[in-house]
Each structure stands twice: as structure tokens, then as C-alpha cells.
There are 2 protein chains.
Amino acid sequence: MKSACAQQVQSLSSGKEPLPEPCAACAARVLSVCDAIDDCDLDRLAAITSVQDIARHQIFVTEGDPADHLFNVTDGTVKVYKLLPDGRQQITGFLLAGDFLGLSFLERYGCSAEAVTRVRCCRFPRKQFAALLTDFPGIERRLLGIASNELAAAQDQMVLLGRKTARERVSTFLLMLSRRAARSGGTTDPVILPMTRTDIADYLGLTVETVSRTFTQLKKGGFIELREAGIVHLSNLSALEDLSQGF
Amino acid sequence: MKSACAQQVQSLSSGKEPLPEPCAACAARVLSVCDAIDDCDLDRLAAITSVQDIARHQIFVTEGDPADHLFNVTDGTVKVYKLLPDGRQQITGFLLAGDFLGLSFLERYGCSAEAVTRVRCCRFPRKQFAALLTDFPGIERRLLGIASNELAAAQDQMVLLGRKTARERVSTFLLMLSRRAARSGGTTDPVILPMTRTDIADYLGLTVETVSRTFTQLKKGGFIELREAGIVHLSNLSALEDLSQGF
DNA sequence: GGAGTTCCTTGATGTGTCTCAATGGTTAAG
DNA sequence: CTTAACCATTGAGACACATCAAGGAACTCC
């Protein structure tokens, strides 16, 4: 089970090949508490799970709508964002394979979500999911852990948005993607950017132009290399670490 | 129990009068799940609770330290913040009476915490608290709800820091304080600011000077009145709402 | 009462990032 | 092959906010 899941994480998120077959990996992720997973529990969760394929640029969760579902991304990249009335956009996070969406237990979605690439994910109806929680308190602890991590990430992002310069923001962003790829079993060095410069700007609280200028600045400084589109080579990781902290 | 708690919330956070007596209100807050509170549970939680008085400007939680305790603020105002190596500060939130601190279930504290005013709070040792969770799964759900709310607030703050102008930030900040006071049974109109302009700046991702200038600008525009120090009258609430959203 | 400290405000000036505008590259459609 | 759409990059100029500097109000401590 574990290996199947890892395999899926590896699979591309940009190409044209068919997406991998649906699997119970998402259910396993939800249930992956410290102790061993009971096959019975797994089946029960799998029973309420449905697999969903989402086309590029499709908005599949809208801020303010009733929060009917909970998602686990299996493949691809999702951007989660909020809008101001005049259209200004702030991306609050990018979701990669393995990440959860909508696990806040509020009435309505707090953010919208759009597929940056083609996306495959598992979907759990919230009501039925909530029923599971009463039977398996372990899941609640697991969710609490996930929420804790998200909160910590949000606080780091506040530091970035409130106090870091453009160069620090972009460096931090590249390192974050690198670490996340490594954590999912990928490589740390060539970082893949499935999102556009505009998306990066909306995530970092900058404009496209500033992001683009900062990339070329980092390139000229010998910190990164831009060869193919959507791929960044981190030439000097430790120097980039310093940059991201303002040294 | 409820009324005693409300009383406590009302009590000043800046003066010299003695702080109110410790009470089981914090324990009640933790246990206040949907269903009625069992006195027995309450006693058990109260047994591991200790009351802590914290002097103004005292740092009582430091980022990176082992997360041994969980706090519930009973009285006063706390600022929660992160620092960059060169001293730049980002305040991730202000805690008022009733708010929790350190409920993330990570190994170490993600932020530091400093008493803005004199503060009284209840403290739970994490280990013993965790033991309680296994016996009362309801608490976990409650914590999940709290974490959800914090996450939503963090996302709003990201929009503020990433996309709002100085005027929009300050307006949003004043309205937030107003709403929180109202929610705790206080008044919505004269908003009390226990923190300094510098703290507000570090929360809003601005400088002291910009915050100060924005206050006078709002005053001249007839949106607020500044009479006594630390108190802001919101003359035109709906106009302020518009300002905070960029209309 | 005087001295020191902290906090708030205001002015003058600087600058990092935004805005506006143009270009070329790439991809998709006809 | 042509056209359109989107995306990334770069330049010139503008502006919101930062920085630097100074003064006054409130408070604390002798």
C-alpha cells in the first residue's frame, strides 16, 4: 500500500499521459495514524471515497460555498486562494500530491481552489466523514496534526508577506518547493514550477514583473539556472538559504 | 460558571487593580463541547491546571523551545510573533481573554509570546493534557474547531499582508478588534488598543510611522476619533468596512 | 521638581516595488 | 502556415511606503 502511494506521488503532473488508476492511498493517508491500519476501517472509508479528475484551470471549490466535501490531492498541483472585491488575489497555498483541502470544520469554504495542472484527487462527503470521526477518534488526532502543520506554514507565510523583501520571498519559495519535493521522495535540486509567474506573484504578495525580475537577478547572481521552462536548478543551495533569511 | 467567566473577560487589562481570582473558567472553555460538561471531567482538568500571572513585557514562550505547555488567556493581551535573524519581527496574532496559545501539536513552539499588558492565564502541561484527550475524544473535536478558526484567521491575514494597502490594513485591524470585543460581550464602538503603534505595525507588516500617519489620515477623514490614548472611536463603522475592503 | 525613558506624531527624503508599455517565445486553433 | 492567446521578460517612470530625523506628550524614577 505504502509503495503504491509513493509511486503515485512520483507521477508527472504536467504531461499528457493517462493519470494513474484510482487507489485507496488517499483513504490510507487519512487513516495513517501512528498504529497499524485496520483493513476494515480502510474499507469503510474507501466506500465513501470517490475519485475526481479535474481539468487544468478548473475552479472546483469556491470561497463561501457550503463545505460539503473534503479532498485529498493524488496527483497534480492545486492553488488555494482568496479574492478581494476588486479582484486582487492572494494565494494562500499550493497543494501537491498528498495534501488535504477543506479539512477545516467550518460551515463554508474559506478559500477557492483551482487546478493549476490536471489534477486527480479523492473526495469525501463531509457528513459521512464526520460520522467516521465518532467511531475512530484516531482520525481526529491525525487531522489535528495536519491542521497544526498548516498553521505553522501559515505563520511562516505571514513572516514572508509582512517582512521579507522580494528576493527573500522568491528564495524562500524555491526552497520550500525543493523541500516539499524531497519530502515526497523527489529530488531537491531541479525544482519543478507547475504554476505561472503570476501565480507565484499572487502567492508571494508581489507582481509578475517583480517576480520575473527577481528570477533573472537570482540567475545573474549564480544562485539558480533557468534552462527549460518550468524548471529551476538550484545551483547553490546554502547560499539560497542565506538569501531567504536576509543574510 | 458562564457568568463568572464573562465577568472576568470584562475586567480591565491595563490598570493597577488586583487581577480577579483564578477560576475554573479555562478548564470549562477547554471542555465546552457541544454537550453538557460533566463536573467530574471538569475537576480532572482543573487538577492539572495552574494559574500564571505574567508581568507586562515578559516573554513567556520562546520560538523553538520544547512545547511543554498549553495556555488559555484569562485576562490581558498577548502578542504572538516570529523573528527573522536580523531582528525583523512579524506578529502573527494578538490573544485576548479566552484565546488559546500553543495548541498546535508539534514538538516545539512555532512562535514566541510576550505579554503586552499584565496577563493572567491558565497553563496545562501538554503531556497530562494529551492523556486527557484519549479519555475525552470530544476535546479533540473542540480543538479541531479552534484550529480551524485560527487557520481561517491566518488566511485572512495573508490577504491583508499580501494585497492590502496601509489604509485597508489599519481599517481591517480596527474592525477586527471591534468584532472580537463584541464577541466577548464588550462594546463594538470604542475600541481599546492595549498595544503600541510599533506592535500594530509589526502585525500589519508596516512601520510605526506609516501606522501613525494612517491613523491621523483616518481621523482627518472622519472615520475615527482619537481622544484618550489607547482608545479609538469608530465614528462611521460601515464606511470603515468599505475602506477595509478597498471600496 | 527634574531627568530619563518610552511612545506618538510629523516632516523631508529615499527607494523598493508597482504600473504602464512593448517585445519575443511558445502553444493552440483554424 | 497564419492567427490568436498566453506567458515571460525587460525598460521607463510613478508612487506608496520606508527611512532618517526631530519634537512633544505622558509616564516613571529619584
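Quick note on labels: first sequence line is chain A, next is B, and so on, each numbered from 1. Below, each value reflects all heavy atoms present in this structure, side chains not excepted, and no hydrogens, waters or symmetry copies.
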Considering all heavy atoms of both residues, which atom of A/L161 and which atom of B/G162 are nearest to each other, and what is their separation?
CD2-CA, 4.1 Å
Below 4.0 Å: OP1/OP2 of C/dT6 and any side-chain N or O of B/T196
no
Gap between atoms CD and P, on A/E168 and C/dG16 respectively (whole Å):
12 Å
note: A/R213, atom CZ; D/dG11, atom P; distance rounded to Å ~ 8 Å
Could you state the atom-to-atom distance from CZ of A/R88 to P of D/dA16 in whole Å?
13 Å
Length of the line joining B/R169:CZ and D/dA18:P, which is rounded to integer Å:
8 Å
Which of the following nucleotides, D/dC7, C/dT9, D/dT9, is nearest to the side chain of B/S212?
C/dT9
A/Q217 CD to D/dA8 P, in whole Å, measures 18 Å
B/R56 or B/R163: which one's nearest nucleotide on DNA chain C is closer to the 5' end?
B/R56
Can you check the B/L226 CG to D/dA26 P distance for me, whole Å?
14 Å
Given atom CD of B/E228 and atom P of D/dA25, what is their separation to the nearest angstrom?
18 Å
N or O in side chain of B/T210 less than 4.0 angstrom from D/dC17 OP1/OP2:
no
Cationic N near anionic O, under 4.0 Å, B/D202 to A/R163
yes
When all nucleic acid strands are considered with a 4.0 Å heavy-atom cut-off, which category describes A/G205: base, sugar-phosphate, or nothing?
sugar-phosphate
Interatomic distance where CG belongs to B/D86 and P belongs to D/dT19 [whole Å]:
11 Å
Please find the pair of heavy atoms, one from B/Q90 and one from B/Y203, that lie closest to each other, and give the distance.
NE2-O, 3.2 Å
What about A/E209, does its side chain sit under 3.5 Å from the base of C/dC20 through a donor-acceptor pair?
yes
Is the A/F60 ring parallel, tilted or perpendicular to the A/F71 ring (thresholds 30°, 60°)?
perpendicular
Electrostatic pair A/D156:B/K82 at N-O distance under 4.0 angstrom:
yes
